[in-house]
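As structure tokens, the structure follows; a few thoughts come after it.
Everything numeric in this text was worked out from a predicted model, so none of it was measured. As the structure lists them, so they are numbered: ligands from 1, and atoms in each ligand from 1.
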Amino acid sequence: MENLDWKNLSFGYIKTDYNIRCTYKDGKWGKLEVSTSEYIDIHIAATALHYGQEAFEGLKAFTGKDGKIRIFRWEENAKRMASSAEGIKMAPVPAEMFREAMIKVVAMNKRFIPPYGSGATLYIRPLLYGSGAEVGVKPSKEYTFIMFVTPVGPYFKEGVKPVNMIISRDFDRAAPQGTGIYKVGGNYAASLKALEYAHHEGYSNILFLDAKEKKFIDECGPANFYGVKNDTYITPKSDSILNSITNMSLIEIAKSIGMKTERRRVPVEELAEFSEVGACGTAAVISPISKIFDPGTNKIYEYCKGDQPGPWTMKLYNKLVSIQYGDEPDPFGWVTILD
Ligand SMILES: Cc1ncc(COP(=O)(O)O)c(C=O)c1O
């Protein structure tokens with residue numbers, strides 16, 4: 001195993017040994033290739049560079065107490081990547097090719113998979129982009145698929161720590177009927193100014209409202225939002241947010257531990273009625289939210305007492321993490337164990 005300070009890794013990039021690549025040309029995918037280079041040769045007129053024809057994914061591999069490597073719900077990431085590809089007219093990556101690349105890239109970089117107990121994980125980053133040359137605005141005829149891995153540290157080094165969010169009516173991440181439901185690079189570029197604003201104001205990120213009416217909650221930076229009210233897990237339904245695999249999983253776990261669940265539009269004013277709120281996604285699983293400031297109304301919504309995440313949040317978090325590490329049985333069939 002690589003000699004890294006596993007407990008103090010950040011959520012950043014560390015070079016690993018190998019990545020996997022594949023090219024789509026003449027209407028078909030070629031063979032998976034193994035590369036040791038961190039760089040790509042790209043045509044100066046590639047559609048990815050000019051017209052943002054690019055999509056990506058993010059998933060994790062975990063080492064269990066039993067030493068086995070588990071990958072969480074990769075089929076959902078493969079499905080979402082195919083949907084993103086269709087959304088911006090790229091050639092989709094077949095699920096079987098996604099699986100083969102994933103197993104290969106994890107196995108070939110085995111020495112970078114963080115040990116059990118370190119809180120660190122192996123982050124898997126699939127990437128698909130238009131690599132063919134076009135000058136007019138149109139889909140590329142050629143695509144490149146890459147999968148690389150990098151070990152990442154625990155999002156919260158001293159346990160789950162609540163964060164503060166700010167509402168903004170001055171920035172939209174994605175438009176209804178636009179590309180918000182896809183994991184495409186352009187959405188993230190469009191969120192950077194908002195992120196910088198949030199940091200400048202002393203907040204972790206933006207709580208985005210629906211772009212059309214600014215009445216309903218959309219997403220929490222690059223994560224889905226949920227609130228808990230009367231033992232009910234409530235999460236926004238919107239046609240401009242990414243369907244988070246963590247959120248999908250939390251909904252199932254919530255049901256299994258006796259909560260009711262609702263996926264519906266969530267008006268901003270409802271923030272006053274929640275007992276717990278949080279942001280969820282692959283990187284942190286759950287970031288409990290302690291405070292939300294709305295500069296439009298000057299309202300402050302406060303949750304975690306004494307910086308302590310609420311009881312439902314901790315139950316949901318612990319259950320999901322235990323399944324990911326194999327500490328608890330996986331009744332949902334979410335985990336793929338690598339041989
Ligand atoms: C915009 C956005 N929303 C939500 C999520 C959370 O999705 P997931 O739980 O699949 O990581 C992510 C991260 O992937 C994201 O980028």
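At under 3.5 Å, not a single nitrogen or oxygen of Asn243, backbone or side chain, sits near a nitrogen or oxygen of ligand 1. Every N/O-N/O distance between Asn247 and ligand 1 stays at or above 3.5 Å.
At least one heavy atom of Lys183 sits closer than 4.0 Å to an atom of ligand 1. Between Glu57 and ligand 1 there is no heavy-atom distance shorter than 4.0 Å. Using a 4.0 angstrom heavy-atom cutoff, Gly58 does not count as in contact with ligand 1.
Defined by atom type and a distance below 3.5 Å, a donor-acceptor pair is missing between the side-chain atoms of Ser249 and Trp334. With 3.5 Å as the limit, one finds a donor-acceptor pair spanning the side chains of Tyr226 and Thr313.
Looking only at protein heavy atoms, the nearest one to atom 3 (N) of ligand 1 is Glu219 OE2, 2.5 Å. When only non-hydrogen protein atoms are considered, atom 11 (O) of ligand 1 lies nearest to Thr282 OG1, 2.6 Å.
Hydrophobic clustering, with ILVMFWY side chains joined whenever heavy atoms are under 4.5 angstrom apart, keeps Phe148 apart from Tyr143.
The heavy atom nearest to atom 16 (O) of ligand 1, out of those in Phe208, Tyr188, Phe225, is found in Tyr188. When the heavy atoms of Pro222, Gly281, Gly180 are ranked by distance to atom 5 (C) of ligand 1, first place goes to Pro222.
Close placement of the Tyr123 and Phe11 rings is indicated, their centers lying within 6.0 Å of each other. A distance of 6.0 Å or more separates the ring centres of Tyr233 and Trp312.
Contacts between Arg173 and ligand 1, counted as non-hydrogen atom pairs separated by less than 4.0 Å, involve the side chain only.
Looking at Tyr182, Tyr129, Tyr188 one by one, the single match for ring pair (Phe, Tyr, Trp, His ring centres under 6.0 Å) with Phe56 turns out to be Tyr188.
Arg173 contributes no side-chain N or O that, together with a main-chain N or O of Ala190, makes up a donor-acceptor pair within less than 3.5 Å.
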